[in-house]
Colleague: 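I have a structure here, written as structure tokens, and I will follow up with some questions on it.
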Amino acid sequence: MRILTKKVQQGEFLTESKLVLPKETEIGEEIQWIEKEEPKEVIWILLGSILLLFALWKQDWEYKQVLKRREQHIRQVYPEFINELVILIGAGLSLPAAWKRIGQDYQNKRTEKGEINPLYEEVYRESKELDAGVPMREILEEFSSRIRLKEARRFAVMMVQNIKRGDAFLVSRLKELNQEAWEIRKKQVREKTEEADTKLLLPLMLMLVVILIIVLSPAMITMQV
């Protein structure tokens with residue numbers, strides 16, 4: 001059998017088109033050849049790994065998209081929140097009282113209309129913490145960490161400084177922050193407009209090519225004739 005195997009390896013039974021395996025050994029014993037199958041387990045493991053990686057990537061992508069939409073929504077309504085603070089504090093309310101007032105007004109609107117706003121959800125959440133006796137400084141720090149906006153961090157730092165030293169120009173400082181927030185919002189709107197224009201550029205180019213083909217086709221056919 002070893003001699004026969006060696007002959008097979010040396011190509012003795014190889015023809016021009018295929019390999020003809022012997023049916024008997026040198027001493028006349030019948031040989032049964034069994035085709036070796038590729039292990040299907042490896043293929044299934046590979047496919048399973050690919051699907052798992054794709055599922056993890058999709059989950060991570062969807063999570064990032066949710067965070068991105070949340071950030072965009074918060075950035076959009078942030079100037080309105082600062083404006084409300086300016087009005088209420090300018091009317092004589094303290095920062096904690098104005099904060100509670102904004103949170104309660106949002107709660108009433110949410111109950112009536114059922115609309116949920118991520119920024120005002122945090123304001124309302126922190127207003128309940130105020131009712132529980134949490135200091136305003138901790139409220140501001142937690143609000144800044146949960147909102148995760150550069151503007152919110154600056155706002156929190158300014159409010160904490162005001163609590164420490166009693167800034168008499170709080171309303172004017174809030175107005176400055178409000179103006180900056182509106183400028184950032186305008187910039188965001190301009191960027192979205194430019195992005196939309198860029199996305200429309202390709203379809204417009206394709207339409208131009210189609211129009212040129214339609215217009216020039218009769219002339220080209222006439223020239224060929």
Side-chain angles (χ1 to χ4, degrees), residues 55-193 195:
L56 292 175
W57 172 83
K58 183 179 179 182
Q59 184 179 7
D60 181 67
W61 181 82
E62 290 177 349
Y63 177 71
K64 290 181 179 178
Q65 292 300 310
V66 170
L67 291 180
K68 183 179 180 180
R69 288 192 295 269
R70 181 179 182 271
E71 180 180 345
Q72 290 176 347
H73 195 181
I74 289 175
R75 194 179 297 276
Q76 184 178 5
V77 300
Y78 175 76
E80 300 174 5
F81 164 67
I82 298 297
N83 190 52
E84 289 185 51
L85 280 179
V86 170
I87 294 173
L88 293 174
I89 294 177
L93 293 179
S94 63
L95 178 59
W99 195 286
K100 291 179 182 180
R101 175 71 176 272
I102 294 174
Q104 187 58 48
D105 289 344
Y106 168 72
Q107 172 64 12
N108 295 335
K109 292 179 182 178
R110 187 181 66 174
T111 303
E112 293 176 2
K113 300 180 180 180
E115 297 178 357
I116 297 179
N117 188 305
L119 174 63
Y120 284 94
E121 281 288 327
E122 296 299 333
V123 175
Y124 176 70
R125 178 181 178 278
E126 303 303 338
S127 68
K128 304 305 291 183
E129 295 289 334
L130 278 172
D131 291 336
V134 178
M136 190 67 207
R137 180 177 178 178
E138 295 183 13
I139 293 295
L140 291 168
E141 293 174 352
E142 186 173 357
F143 175 76
S144 173
S145 63
R146 293 178 66 87
I147 292 300
R148 296 181 180 179
L149 288 183
K150 181 179 179 181
E151 304 92 308
R153 288 194 295 270
R154 185 179 176 188
F155 161 76
V157 169
M158 192 187 72
M159 292 294 101
V160 170
Q161 291 176 351
N162 174 76
I163 293 173
K164 289 181 179 180
R165 65 187 182 186
D167 195 346
F169 302 98
L170 176 60
V171 175
S172 62
R173 292 179 181 272
L174 281 174
K175 287 181 179 179
E176 293 176 4
L177 287 180
N178 187 34
Q179 183 64 29
E180 292 177 3
W182 281 109
E183 291 297 328
I184 293 175
R185 181 172 176 179
K186 291 177 184 178
K187 181 181 178 181
Q188 185 180 12
V189 172
R190 287 195 299 268
E191 290 176 352
K192 286 185 177 181
T193 303
E195 184 179 351

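Positions are given from 1 along the sequence.
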Colleague: Trp57 vs Trp61 aromatic rings, parallel, tilted or perpendicular, using cut-offs 30° and 60°?
Modeller: parallel

Colleague: Which pairs of donor and acceptor atoms, one on a side chain in residues 130-142, lie under 3.5 Å apart (sequence neighbours left out)?
Modeller:
unit_1	atom_1	unit_2	atom_2	d
Asp131	OD1	Lys100	NZ	3.4
Glu142	OE2	Arg125	NH1	2.8
Glu142	OE2	Arg125	NH2	3.2

Colleague: List in chain and number order the residues that pass salt bridge (charged side-chain N to carboxylate O under 4.0 Å, His left out) with Lys64, two or more places apart in sequence or in another chain; answer none if no residue qualifies.
Modeller: Asp60

Colleague: Is the shortest heavy-atom distance from the side chain of His73 to the side chain of Val77 under 4.5 Å?
Modeller: yes

Colleague: Residues two or more places apart in sequence or in another chain: which of them pass ring pair (Phe, Tyr, Trp, His ring centres under 6.0 Å) with Tyr124?
Modeller: none

Colleague: Heavy-atom count check: over 12 atoms from other residues, nucleotides or ligands less than 6.0 Å from Arg148 CZ?
Modeller: no

Colleague: Check whether any side-chain heavy atom of Arg153 lies under 4.5 Å from a side-chain heavy atom of Lys150, and answer yes or no.
Modeller: yes

Colleague: Could I get the full list of side-chain contact (heavy atoms from CB on, under 4.5 Å) partners for Lys109, not counting sequence neighbours?
Modeller: none

Colleague: Hey, mind stepping through Met158 and Leu174 against side-chain contact (heavy atoms from CB on, under 4.5 Å) and telling me if it holds?
Modeller: CA-CA 9 Å; Met158 192 187 72; Leu174 281 174; 3.8 Å; yes

Colleague: Glu151: what forms a side-chain hydrogen bond (donor to acceptor under 3.5 Å, both in side chains) with it, not counting sequence neighbours?
Modeller: Arg75

Colleague: If we ignore angles and hydrogens, is there a donor and acceptor under 3.5 Å between the side chains of Gln104 and Asn108?
Modeller: yes

Colleague: For Glu84, check side-chain hydrogen bond (donor to acceptor under 3.5 Å, both in side chains) against everything at least two apart and list the hits.
Modeller: Tyr120

Colleague: Roughly how far apart are Ile102 CD1 and Glu80 CD, rounded to 0.5 Å?
Modeller: 11.5 Å

Colleague: For Glu62, does the CD atom have more than 12 heavy-atom neighbours from other residues, nucleotides or ligands under 6.0 Å away?
Modeller: yes

Colleague: For the side chain of Tyr78 and the backbone of Leu149, is there at least one donor-acceptor N/O pair under 3.5 Å apart?
Modeller: no

Colleague: Quick check, are the ring centers of Phe81 and Tyr106 under 6.0 angstrom apart?
Modeller: no

Colleague: Enumerate donor-acceptor pairs with a distance under 3.5 Å from any side-chain N or O in residues 89-99 to protein atoms, sequence neighbours excluded.
Modeller:
unit_1	atom_1	unit_2	atom_2	d
Ser94	OG	Ala97	N	3.4
Trp99	NE1	Val123	O	3.1

Colleague: If I take atom CD from residue Glu122 and atom OG from residue Ser144, how far apart are they, to the nearest 0.5 angstrom?
Modeller: 11.5 Å

Colleague: Does Arg110 have any side-chain hydrogen bond (donor to acceptor under 3.5 Å, both in side chains) partners at least two apart in sequence or in another chain, and if so, which?
Modeller: Gln107, Glu121

Colleague: Could you give me the CA-CA distance, side-chain angles and deciding distance for Arg146 and Glu129, then say whether salt bridge (Lys or Arg N to Asp or Glu O under 4.0 Å) is met?
Modeller: CA-CA 14 Å; Arg146 293 178 66 87; Glu129 295 289 334; over 6 Å; no

Colleague: Taking side-chain hydrogen bond (donor to acceptor under 3.5 Å, both in side chains) as the test, write out the residues that go with Arg154, two or more places apart.
Modeller: Glu180

Colleague: What residues, two or more places apart in sequence or in another chain, satisfy side-chain contact (heavy atoms from CB on, under 4.5 Å) together with Ile87?
Modeller: Asn83

Colleague: Looking at every heavy atom in both Ile74 and Leu119, which two are closest together, and how far apart are they?
Modeller: CG1-N, 3.9 Å

